Amino acid sequence: MYSTMLYNISTIGYIISLAVSGVNLLNNKKNILKTSIIMIALSFLIQTFGMLCRWAEAGELEVSAAEKALGQEITGYSWWVIFSQHPPWSNLYEIMIYMSWGIVLVTLICEIKWKLPLLNKIGLLLALLALGIASLTDSSIKPLVPALKSWWIMIHVISASIAYAFGFIASFMCFFALLKDEKRISLSSLVGGFLISMAMLIFALTGGFRLFLEQAYFVKLLSYTGNALSLVYDLANNSNKAYLVPMPYVSYPFIFAIIIHALFAVLIIVFKEYYKTFFILCFLSSLLPMLIILFNNINKIIINITMEQSHHLSLPAPYYVSFISHPWSFGLFIFVFLLEILFLLFLLKKESFIKMLPSVSSLEEMSYKSISFAFFLMTIVLITGALWAHYAWGRYWAWDPKETGALAIWLIYAVFLHTKKTQGLSGPISSFIGVLGLFVIIIGFLGVNLGLFADGLHTYGNS
Amino acid sequence: MLKFFRLFIEQFWHFFISLKLTFLLLIIIALGAFLGMYFDQTLTFSEFLNINQKSNVYFLLNLFDLNDAFHSWWFSLTVVLLAFNLIVCSFERLPRIYFDAISPRPYLTERRLLGLSLKKRFLCSNYEEALNKVKIFFGHSYKKLDHISESEFFYKENDKYARFGVYIVHIALLIIMFSSIIATQLGIDGTVLIAQGDKKRFIEAKGIGGITYKHDLGFYIGCKNFRLLTFSDNTPMEYESDLFISDDQNNIIKSQTVRVNNPLTYNGYTFYQSTFREMPESNKSLVIIVKNNKNKIDKKYTIKLNEIINLDANYSFYISEFYEDFAGLGEAIKINIESVDEKTFFHIFRRYPEYDYKVRSDEYNFIFLASNNQYATGLSIGKVPGISFIFVGFFVLIIGLYLCFFRMPIRYFARIVKEENLFIVDFAAQPFRNHNLTKKSFFSKVSLIDKE
């Protein structure tokens, strides 16, 4: 598989260019920055080429599978139709690769257009996170399911990923605008808002209320699997395997982290000057479950269970935050952790960070432009989705969770655009809405895959 | 009291036409979207009742119709309010922009010059030089206006109609909103499962609130045949059904093969291939060959379980059971025979066609050739009245957004004023959006003059 090799090369390229642009952060030399951008562009080209390779590989597989099923050789026009119908964004692995591609593309565009420092580092981190999640999922090529055999998939998915990438980048621009805007936004309130949003994110990814309400469940499960572990192993000796990595001792640290985040977010209202200490304490409280997860994953006890059993043993959320059985939740937790590290770095070297950023008005303009474009693309995503759904399912709009999520993203950007035109709401409030867009994208785009919502019609992305 | 009431009404109206209400309503809709994502919307009302009736918050779940949140009273109310807000806001703001756009005041007066931020002044010694500067600034196309005393005025406007982009977007959204409200009120959303060779007139439809009911199509939809093509690992590659539509007198009106992404349309209804189901074993058809050992004639039968076949006057048989896997030997069937002298049963295997011939000597021998699964095709049926209006809305929306985000409405003004021996040339621009970009384009034009 050439595509996997090319993907690996491009991933290494991204890591090296991230390191190079990190060096640039220390000594601030123009040449180093230029080198890193050229390296990003080269890796991007390699990744693009890898995607084309993957398209061809999938096409060959489709043709051979169809030939086997039909029992005859396929030639001519229909060969091309079958060969090209499987674009490299049809399952979770490919979507994550494709998302990273989109983020790097948008980062490069923004870099060329606005030369915003820090942005290429954040773009690369996001892209690497997406690639990391991809590496944990199943990378094999499987024939396309009948519902996806449609030309609508091309424009629908292309615009979706570029729109999400622009949204991601724009929300960081909005965040920078909030950081820079020291006159209108005090740092302590910013830290408080950040802590609240982190608390909510951890709360969501660890299963919401189930984290607090279903503590007894895990004890029951351990008693079940603990006694019958050998039995479970025997049962797993067929092809329908599922993995579970139980995470003992992780739920209470998670609850502790959520409470600490929420508590200090409230306390910061009164004790404004201690924001740095408070934040470091919160960071440590989220470091603890992270370490436990890593430790558990290294000393892993994998329980192999059958698919049927996995329904009976469906774990409440924190127990599956593991990079083997549930890479999605793990990826999201890494994302939360990454945000906290970035924010910690910012708090420690505040002056030099703020000096690096351009003026508030130009940051706001950049985010306005990016979000306008993302909004336009989201409209195209919704429209092409509606048209496709009309022709394939008979419902132009089915209020399926993923559709609704896309609509929520569209709505939040509509709110953003309206705040820009309203006196009293433009400025910090619109920037705040732009930052909120990041979470709405995460929930709308990944919520279905994370199992937060009921399964809908877009479940192809899960496998 | 009356005064207070009037004040209240006035304030209410003021709030109603403000963008702040839009902001609020959009946020409520977004939150509603999340609620609808969180609660399973595919449940019918009775399923929802079964699951949640015992819950403590059932009262709340039912009050807010959370099994069908997007058609609930509160969501509909918010959408209708948003639509009203949109209309009222547009009527409040549109006239001013409309009159300004169709009859602009093109003269660059002293007062206007003060109000504009993008401006530049040049001093020239003679009139030709001043006029040349104006020509360079405007390029080819510009409008020379009438003299007023000693001054000369010039004017140019770009992308005038792009100023209405926002209104076009909002009109498109209104079209989409209203036609989708009508579509959900009058539309049909149903499913039907038709076995091969069967036809149906009544379908299972799901209405607002997740309440299910039987809907009469007024004609019959039937399935002549269903074909399933699988990959070697048994996942479906393609499936299709030969559908027909017939009236009460059994006249076939229309027949077509439907596939996923390729539906059949008749009388406003559209039939989509959505799923398929294997029928229970009793409907399995089994293909066997009966060898007549007397006259050496082989005959092929396609029969169902327990269907009695009379081979001659006093010899009959039926298949009483089908095994997916008989003790590791693969598919097998149990054949019961009844003749004058005996009444017995035996098994034959699909994998070993010679088996019966070798083991049993009888008048007739049996070969198990194939087992055909009976399928039922799962169709989803949609009737969306006014779908074309929605598509028109989409089209208008794209145009409006293009005008909003990719066009740059701007006005350029210039004037030449004679003041003693000098000619003063003033340039100014009035952008309507995208101030930074217009600033750039204005100053690039000014720098062109500087180069000269």
Side-chain angles (χ1 to χ4, degrees), chain A residues 65-66 68-70 142-147 149-150 152 361-362 365 369 372-373 375-376 379-380 382-383 386-388 390-402 404-405 407-409 411-412 414-415 417-419 421-425 433 440 443-444 447-448 452-456, chain B residues 18-20 22-23 26-27 29-31 33-34 36-43 68-71 166 180 183 189 229-233 235-239 259-263 270-274 379-384 387 390-391 394-395 397-398 401-402 404-406 434-437:
Chain A
K68 238 182 238 169
L70 292 170
K142 290 202 182 74
L144 216 55
V145 294
K149 283 178 187 161
S150 166
W152 289 108
S361 62
S362 62
E365 170 138 0
K369 273 182 195 160
S372 307
F373 193 60
F375 181 74
F376 183 73
T379 316
I380 289 178
L382 290 176
I383 288 177
L387 290 171
W388 185 6
H390 175 71
Y391 290 114
W393 298 325
R395 297 156 176 76
Y396 67 99
W397 191 262
W399 293 108
D400 163 67
K402 207 133 197 172
T404 317
L407 180 71
I409 295 163
L411 281 171
I412 206 81
V415 171
L417 295 176
H418 281 93
T419 52
K421 296 281 169 210
T422 316
Q423 285 256 312
L425 292 179
I433 300 269
V440 178
I443 294 169
V448 177
L452 291 179
F453 308 116
D455 278 353
Chain B
S18 69
L19 269 175
K20 282 190 180 130
T22 321
F23 176 75
L26 283 174
I27 284 187
I29 293 179
L31 287 177
F34 282 120
M37 282 162 82
Y38 189 75
F39 290 95
D40 192 353
Q41 301 294 304
T42 55
L43 296 178
D68 197 11
F70 301 112
H71 301 121
V166 176
S180 59
D189 170 16
L229 203 59
T230 53
F231 291 118
S232 45
D233 63 341
T235 52
M237 171 184 166
E238 191 100 71
Y239 42 97
R259 239 168 278 126
V260 181
N261 287 329
N262 183 14
T270 316
F271 299 89
Y272 302 84
Q273 181 75 66
S274 62
L379 304 175
S380 68
I381 297 155
K383 185 180 187 181
V384 190
I387 185 75
I390 293 175
F391 289 166
F394 287 163
F395 183 68
L397 183 62
I398 290 283
L401 284 177
Y402 170 74
C404 275
F405 294 131
F406 298 100
N434 216 339
H435 293 255
N436 255 17
L437 222 95

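For clarity, every value in this text was computed on a predicted model and none was experimentally measured. Below, chain A is the first sequence line, B the second, and so on; all start at residue 1.
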Review point. Can you tell me how far CG of B:L19 sits from NZ of A:K421, rounded to the nearest 0.5 angstrom?
Key: 10.5 Å
Point to revise | Heavy-atom contact with chain A under 4.5 Å, split by part of B:F394 | key: both
**Study point:** Contact class of A:T419 relative to chain B, heavy atoms under 4.5 angstrom
**Key:** side chain
Review point. Considering the options A:L382, A:I380, A:I383, which one meets the side chain to side chain contact (heavy atoms under 4.5 Å, CB included) requirement together with B:L397?
Key: A:I383
Review point. Where does A:I433 contact chain B at under 4.5 Å (heavy atoms): side chain, backbone, both or neither?
Key: side chain
Point to revise | Contacting region of A:W388 [heavy-atom separation from chain B under 4.5 Å] | key: side chain
Review point. Can you tell which of B:A33, B:G382, B:A69 has the highest number of heavy-atom pairs within less than 4.5 Å of chain A?
Key: B:A33
Review point. Is it the side chain or the backbone of B:F271 that comes within 4.5 Å of chain A heavy atoms, both, or neither?
Key: neither
Review point. So, for B:M37 and A:I443, which heavy atoms are closest and what is the spacing to 0.1 Å?
Key: CE-O, 4.2 Å
Point to revise | Atom CZ of B:F406: over 12 foreign heavy atoms under 6.0 Å | key: yes
Practice item. Give me the ring orientation class for B:F70 and A:W399: parallel if the planes are under 30° apart, tilted from 30 to 60°, perpendicular past 60°. Key: parallel
Practice item. Between chain B and each of A:S361, A:S372, A:S362, count heavy-atom pairs under 4.5 Å; write down the option with the most. Key: A:S372
Revision key, fill the gap. Between the OG1 atom in A:T379 and the CG atom in B:L401, the distance rounded to the nearest 0.5 Å is 4.5 Å
Review point. Roughly how far, to the nearest 0.5 Å, is the CD1 atom of B:I390 from the OH atom of A:Y396?
Key: 3.5 Å
Exercise for review: Under the side chain to side chain donor-acceptor pair (under 3.5 Å) rule, collect the residues that match up with B:H71, sequence neighbours excluded.
Suggested key: B:D68
Point to revise | Under 4.5 Å from a heavy atom of chain A, the part of B:T270 involved | key: neither
Point to revise | Which portion of B:S18 sits near chain A, non-hydrogen atoms under 4.5 angstrom | key: neither
